[in-house]
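First comes the structure, then the notes that go with it.
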Amino acid sequence: DQQVKQNSPSLSVQEGRISILNCDYTNSMFDYFLWYKKYPAEGPTFLISISSIKDKNEDGRFTVFLNKSAKHLSLHIVPSQPGDSAVYFCAARGATNKLIFGTGTLLAVQP
Amino acid sequence: GAGVSQSPSNKVTEKGKDVELRCDPISGHTALYWYRQSLGQGLEFLIYFQGNSAPDKSGLPSDRFSAERTGGSVSTLTIQRTQQEDSAVYLCASSLESGRKPQHFGDGTRLSIL
């Protein structure tokens, strides 16, 4: 069973517009969520995180929203830039601190 | 550099051989994690170290897989009698401590079993 789901395998956005990446989870015990960006042949790069006691965290162009009742989180990138084109993974902290990852969303930002 | 370092970056070996993958975490990070990403799959947890002990080995796929960490720093992941299904990118991550701290990843070792 997949505890963290990213239902959109890909997303295409125009440069300057907002990118919204979505993630759903099933386990209400998750208490910490993260977003990573991954380029080919590189490891995931940490972007932003949010604790379950908050509903929003912002860092520059990146904002993560958490809706615990819906077990849903989203990453907003504003404005989107061509360099943001990558695979984005959401992850949740499970028992013993291991991260449980979604399957990723490929974001393409068109110039 | 200041990031997580993994070696080798690429490894090609014949089925049945043993392989050893190395991870140097960020200095001062007490928690260390191994994950793998198989072709077309997401990242899959393998094992977690806090210091030199491994509280969670639940993700190791079989007893052919083992890992150790010495001196609270370097970790090695060993795969014995490799099989073709072991082909994947093996990723190491470290964090400042366990708990609600981001894990920072190395670039991985791409393992190919012929």
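All values derive from a computational prediction rather than experimental measurement. Just so you know, these numbers use all the heavy atoms, side chains as well, and skip hydrogens, waters and symmetry mates. Chain letters run A, B, ... following the sequence lines, proteins first, then strands; residues in each count from 1.
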Option that, when pairs with chain A are counted at under 4.5 Å, heavy atom only, ranks first among V89(B), L91(B), D56(B), I47(B): D56(B)

Crowding at CZ, R64(B) (>12 non-hydrogen neighbours, <6.0 Å): yes

Other residues, nucleotides, ligands: >12 heavy atoms within 6.0 Å of R110(B) CZ: no

Same apolar cluster: I113(B) and W34(B), side chain cutoff 4.5 Å: yes

For the student: nearest non-hydrogen atoms of F46(A) and Q103(B), plus distance: CB-O, 4.3 Å

Per-residue contact mode, S95(B) against chain A (heavy atom under 4.5 angstrom): neither

From K98(A) atom NZ to Y35(B) atom OH, the distance as rounded to the nearest 0.5 Å: 9.0 Å

Atom group of L34(A) that falls short of 4.5 Å from chain B, counting heavy atoms: side chain

Hphob cluster co-occupancy, F89(A) + Y32(A), side-chain heavy atoms under 4.5 angstrom: yes

Enclosure of L114(B) CG (heavy-atom neighbours >12, cutoff 6.0 Å): yes

L21(A) with I100(A), same ILVMFWY side-chain cluster at under 4.5 Å: yes

Flag if over 12 foreign heavy atoms under 6.0 Å of CD, E85(B): yes

Best-contacting candidate, S9(B), G108(B), P102(B), against chain A by heavy atom pairs under 4.5 angstrom: P102(B)

CG-CZ distance between N97(A) and R100(B), expressed to the nearest 0.5 angstrom: 11.0 Å

Proximal component of Q6(B), with respect to chain A [non-hydrogen, under 4.5 Å]: neither

Side-chain touch L43(B)/Y36(A), heavy atoms, less than 4.5 angstrom: no

